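The next block holds one structure in the form of structure tokens; read it before the comments.
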Amino acid sequence: MVKTMTQLMTEDGIRCDGRRLDELRNISIKVGVLKNADGSAYIEFGKNKILAGVFGPRDVHPKHMANPDSGILRCRYHMSPFSVTERKNPAPSRREIEISKVIKEALQPSVILKDYPRTVIDVFIEVLQADGGSRCAALDAASVALADAGIPMRDLVSACAAGKVADRIVLDVNNEEDQEGQADMPVALMPNLGKVTLLQLDGMLKPEEFKTCMQTALVGCKRVYEIQRKALMEKYFQNGEQ
Amino acid sequence: MVKTMTQLMTEDGIRCDGRRLDELRNISIKVGVLKNADGSAYIEFGKNKILAGVFGPRDVHPKHMANPDSGILRCRYHMSPFSVTERKNPAPSRREIEISKVIKEALQPSVILKDYPRTVIDVFIEVLQADGGSRCAALDAASVALADAGIPMRDLVSACAAGKVADRIVLDVNNEEDQEGQADMPVALMPNLGKVTLLQLDGMLKPEEFKTCMQTALVGCKRVYEIQRKALMEKYFQNGEQ
Amino acid sequence: MVKTMTQLMTEDGIRCDGRRLDELRNISIKVGVLKNADGSAYIEFGKNKILAGVFGPRDVHPKHMANPDSGILRCRYHMSPFSVTERKNPAPSRREIEISKVIKEALQPSVILKDYPRTVIDVFIEVLQADGGSRCAALDAASVALADAGIPMRDLVSACAAGKVADRIVLDVNNEEDQEGQADMPVALMPNLGKVTLLQLDGMLKPEEFKTCMQTALVGCKRVYEIQRKALMEKYFQNGEQ
Amino acid sequence: MNSQILDQLKRDKILDLLKTGKRIDGRTLDEQRQLIIETGVIPKANGSARVKLGNTEIITGVKIQLDKPFPDLGDKGILICTAEILPLADPNAEPGPPNEEVIELARVVDRGIRETEMIDLHQLVLIENKSVIGMFIDSSVIDSGGNLFDACSYASVAGILSCTVPKWEVKDEVPTLVEGVTSKPPIKTLPVSVTMARIGEYIIVDPTKDEESCMDARITITTNSDGNICAVQKGGSDGFTPEQLVQCSETALTVGRKIRKQFEQLM
Amino acid sequence: MNSQILDQLKRDKILDLLKTGKRIDGRTLDEQRQLIIETGVIPKANGSARVKLGNTEIITGVKIQLDKPFPDLGDKGILICTAEILPLADPNAEPGPPNEEVIELARVVDRGIRETEMIDLHQLVLIENKSVIGMFIDSSVIDSGGNLFDACSYASVAGILSCTVPKWEVKDEVPTLVEGVTSKPPIKTLPVSVTMARIGEYIIVDPTKDEESCMDARITITTNSDGNICAVQKGGSDGFTPEQLVQCSETALTVGRKIRKQFEQLM
Amino acid sequence: MNSQILDQLKRDKILDLLKTGKRIDGRTLDEQRQLIIETGVIPKANGSARVKLGNTEIITGVKIQLDKPFPDLGDKGILICTAEILPLADPNAEPGPPNEEVIELARVVDRGIRETEMIDLHQLVLIENKSVIGMFIDSSVIDSGGNLFDACSYASVAGILSCTVPKWEVKDEVPTLVEGVTSKPPIKTLPVSVTMARIGEYIIVDPTKDEESCMDARITITTNSDGNICAVQKGGSDGFTPEQLVQCSETALTVGRKIRKQFEQLM
């Protein structure tokens, strides 16, 4: 299906997948989906299908990586060979290594590591099917999986992108918009503490657009937060506020 | 030389290399051929030419691999670049890694590891020239090399393949039969304990043929055992029963 | 520019870059050019531009490499991707690994390691632009960087190549002469102790030429030594004999 | 490791139960755990399956793309099965290049499908010696609960069965994708892998992780729709008697038939 | 690590000074260190630069060579920026394959130049889908004194500006080098990367190594000549408030303008 | 390491003997160990040799196959010598990628054969710039008893001398194998590598493993049939005086002549 720029949005601001400018894709989160992991979550975010599993706090191997004053957090973001159009080599790409790092740094302020010196908390993320915004969706699942593992946390981390498509700022950029749009800005927020823990941008924004785009993303993060909270409630309180 | 299926066997059951159905290729084993290794053996099995060297029991590196309750056995099966028709990359292939594992597990029941906690016995196998059945020949040499190294053992391990060629079950599949035959089944036996420690199959066998094929291979293993025993006697008792 | 053999030297013994047979290229050495390294030097030797940085004596990682009776010396010779005509892959080539080893062994006799058991002295060499004789130039910079780091030394190491071009023995082979000449012989000398610590040869020399070539290179080494000494004096004694 | 005390206690308990013909999860010795197969779980892939075998869970995706044939195999398409144990599937799994266990797992899964000749590779040729269809069947273990061999094999087979193969037309020696036209892959037979463990003198089908941690030896036997035995892999640090192996081959056929029925419902 | 005692003491001292509006090296909060750019330092490369930003020093070389385009990007030339921290640049740098910090560094530098569309990649095409010009911009950190992101970015931009691009003529579908003819690369805009660190509630521009060792979070913002914001990368183990981020974007524009003037003198 | 006590004792004993002109195995200082060369030991290879030099044993195989020339070397065939120390050859050898010692070994063996121009590479060209004959000479150390440099070099030379080179005819720009026709490789000269060690003030030829463990420095000199010196490699953690090096070059020529006679018997 060849898509030209003009098809990314109608004149009425309806996007190529039928959404309005400020509308999220469908999101569903399931908590505790894995038996081996200490905590886990599965998210579907648009066409993203992502698993997150958490182990720890546990002993660090190799030992010289341990910190005597604090626990450490490690993160691996990995894409399955079948998750993208062209089969992906299973060895981690430089892109995956960078995303693993920014996700780790986005989760880190939410996790209370001081109480677990010499240990590690491992967050493993597997992207089974990738769509636009996979790093945000991955973060959303990972934060819920950390909570499911019983790790003490200051806040959840809720992530969502915004972007610029056909000269307008839109919430939650999908794959086509990411490929052919003008800007993509993934954002992660600790909603209760009001801190942005991930911010990236690829594209071209005027200074005013930069502000609007970030505000739009933050609104999205807060909506994602409600979905994360509900998913955790559903697992931990039978009568989750459905 | 192009070989068609019909040429693999004559109507009288004579195979492409002149052997009868139940006939082994020429096998010769020399014990103690290496000066540095604690034990060693060289086998010629048909056109296979294979060296096995054993070191140990010795300290384990890296140390975290050591088992405080038992010795461990490690095995590396490796093919020389010049051992096959097309020059082989010297880095170990996935095939070599798998064969290293099944050989290790085939040798393991024969070796008494309990008495050597925290140590390792290393078995290194080098295929200098490869023919059909190289993993069996490698095993035969490795077991003799373990005995030569003075490692306490419950039994030798004797290995030989059988297979299906031109609709008949044959002993000791050679290279052409392996490439163009219908089945190849490498088997390893501890002859005195009556235990099969390696069994693989590639091909297609009816249930009855499966039994016959295994029995055929076991007969071969026992014949190989006599050759292994004789080789050890020749080294350790000057008047080996030649 | 296509260069034929005859163009490498005029009948009067003037070389393709205008030098006489026994003339060095321009050499300049700056000491202490890096802020992080414990010692450093930058050399321009013809068109070679090479940095050397020294760290240590410091703890060895991984620890099992440490020697309880002596310090150890490590050396990495590395070429920048942009240092040669065709962009070079940044991963170390087999050539770079070999040169790292011969440089380490050429420096080793000059460094007093006994007083620093369990430690390492790391010598890192980066070839920013490569010309003929880069290993000699690298050695010259590395030895000065070791001195700059305050490592106790028995002598400096001074290196220079000689070779055979158009049937004549020449000092300090440049890139064209290395590529199209008849022999290249890099030599390193501890000038005060009179010991040759590096000697390699690629090419074809008659026995008499071998001696002449080595003697020529040794004269070059001694001249390089004066330049190294002057560079160190300039840093450590304001009134360096410029 | 068998030598560890916990494993020894586990083994004692499991053996005590086996003497009475029972297993810790209540199964009989030749009974598999429940197998749940769901296909089409990765819509972007050409085929996919999620398989649960007891506590073990696998996701397999199939990617189909134009490829060049292997040298000397110019009359065959390409079929490659891989398997990996994701680090989230097991506390002991480690990220990084595959170790020998994972390599064995992948190769045994691949061999079962290859040696039964499940797919007619000749039908995947577009231009002999030049251009063929490649099928990449990648299995990821997402929860490790024992018997990864069978679970990955089932997920791979189900993934293949769920496939739609794109159509390429050869025009002027160049294969060109024909939009919107697909077909099923050329299936010739249904391979079923059955893995058994020996604990003491008992042979049990489809071992759990606990059973595997104290087994003596392991055997995986793959049969095809015609009741042939096509691939065998013995594993583990001890052996089998020849009689036990014959018994295993019969069990593999019997148990295999039930699984094959589940596959047939996917066709 | 923040937890180490020395870093804590350093942080206390730095924070005390910041409360009075000062930094340990005497700069104001939004003041960059002196930037010294020298080009043509590697004559054998097609372009090169040596950049000093305070105690940080970078050498960048640009190599230009014939290449094949990426699949699906047949109408664009190739531009690849890399970065590495030489082991002589830092006592903690280690030889060997790049770790995650170095990979992030290289990717952020590359993204800044790519997303601003500094170079018109369409002009690097020789034969569509077949033959293009490839530009490899390799930066080596030779002295590490903090803010490697900006220093590598400046060195890369300066290296590109100093480039002479060889000329290839296409004859009979074969690109042939035309000796002695070169041109400047097709520059569309000048990217400027500005990195800021948050320490406590203070945002400081162009952090030194000491400031980085005790910062809470980091942000790198790249702007182009038209005053657009084109690339952002947040790093570090804590976050920013949205207000701080807006402030950072404004600072990036203001500070960026000064740096861009330095670049313009190279053109 | 020299510093270890055992090595020191060994060194003391070896030096005491050297003062009386003797070595621990009874040889004179400039005497090589017995060299036994057997060729054709790997019939499936195009050439092969097993070499014993005292307790050191090497197997070399030569594979000859069609190849593409290196860029800019389109008028030359390909010749690559490798060497590896098998883990069964030495208790200290480790499986895995080659370390710096093994890389040096391989490169010195390769250089000796390359720089003497043993093989006329121009005669290995089938179609200039397109298609050449490649010779891969792979040496495996199977027993390590000192002086691997010379032993691998001798095995490589013997392997080459034993080679039969297949014939390819060029038809319509395509090289085609001519069955049953072979020739000898185009040999121009016979390289002989001679390695010497310095222990104290003594220079000894063909050091054993014990002698190597306490030597001060090492030198390998390769000469050709015309008595030229073609390749030199100094190794070890100390140096030589210029006079010692001249002495070594003379010894390399004298000792080399005897070895060359052994090679001539293989031709």
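Quantities reported herein were computed from a predicted structural model and do not represent experimental measurements. Chain letters run A, B, ... following the sequence lines, proteins first, then strands; residues in each count from 1. Side chains included, hydrogens not; waters and symmetry mates left out as well; all remaining heavy atoms used.
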TODO: Output yes when a side-chain donor or acceptor of D178(B) lies under 3.5 Å from a complementary backbone atom of G132(B), and no otherwise.
DONE: no

Task: Proximity breakdown for K49(B) and chain F, heavy-atom pairs closer than 4.5 Å - done: side chain

TODO: Side chain from CB out, backbone as N, CA, C, O: work out which of these in T85(B) comes under 4.5 Å of a heavy atom of chain F, or both, or neither.
DONE: backbone

Task: Least distance between heavy atoms, Y77(B) atom then S100(B) atom - done: N-OG, 2.8 Å

Open item on the list: What part of T82(F) gets within 4.5 angstrom of chain B, counting heavy atoms only: side chain, backbone, both, or neither?
Closed with: side chain

Open item on the list: Taking I42(F)'s backbone N and O only, do any of them form a donor-acceptor pair with S48(F)'s side chain (distance below 3.5 Å, no angle check)?
Closed with: yes

Task: N/O donor-acceptor pair under 3.5 Å between T208(F) side chain and E211(F) backbone - done: yes

TODO: Measure distances from A145(B) to the heavy atoms of chain F and classify the residue's part below 4.5 Å as side chain, backbone, both or neither.
DONE: neither

TODO: Using atom types as modelled and distance alone, determine if a side-chain donor or acceptor of K184(F) lies under 3.5 Å from a backbone N or O of L161(F).
DONE: yes

Open item on the list: Under 4.5 Å from any heavy atom of chain F, what part of H61(B) do you find: side chain, backbone, both or neither?
Closed with: neither

Open item on the list: For R76(B), which atoms come within 4.5 Å of any heavy atom of chain F: side chain, backbone, both, or neither?
Closed with: side chain

Task: Part of V123(B) within contact of chain F (heavy atom distance under 4.5 Å) - done: neither

Task: Heavy-atom contact with chain B under 4.5 Å, split by part of E84(F) - done: side chain

- [ ] Give, as side chain, backbone, both or neither, the part of P97(F) having an atom under 4.5 angstrom from any heavy atom of chain B.
- [x] neither

Task: More than 12 heavy atoms from other groups under 6.0 Å of NZ on K30(B) - done: no

TODO: Kindly compute the distance separating CD1 (I58(F)) from OG (S144(F)), expressed to the nearest 0.5 Å.
DONE: 8.5 Å

TODO: Determine yes or no for a side-chain-to-main-chain donor-acceptor pair under 3.5 angstrom, with S143(B) supplying the side chain and V157(B) the backbone.
DONE: yes

Open item on the list: Given heavy-atom pairs under 4.5 angstrom as the criterion, report whether the side chain, backbone, both or neither of D38(B) touches chain F.
Closed with: neither

Open item on the list: Using a 4.5 angstrom heavy-atom cutoff, name the option from P43(F), S140(F), G145(F) with the most pairs to chain B.
Closed with: P43(F)

Open item on the list: With a 3.5 Å distance limit and no angle check, can you tell me whether K63(F) reaches the backbone of V84(B) through a side-chain donor-acceptor pair?
Closed with: yes

Task: Proximity breakdown for L86(F) and chain B, heavy-atom pairs closer than 4.5 Å - done: side chain

Task: Segment of V54(B) engaging chain F (4.5 angstrom heavy-atom cut-off) - done: neither

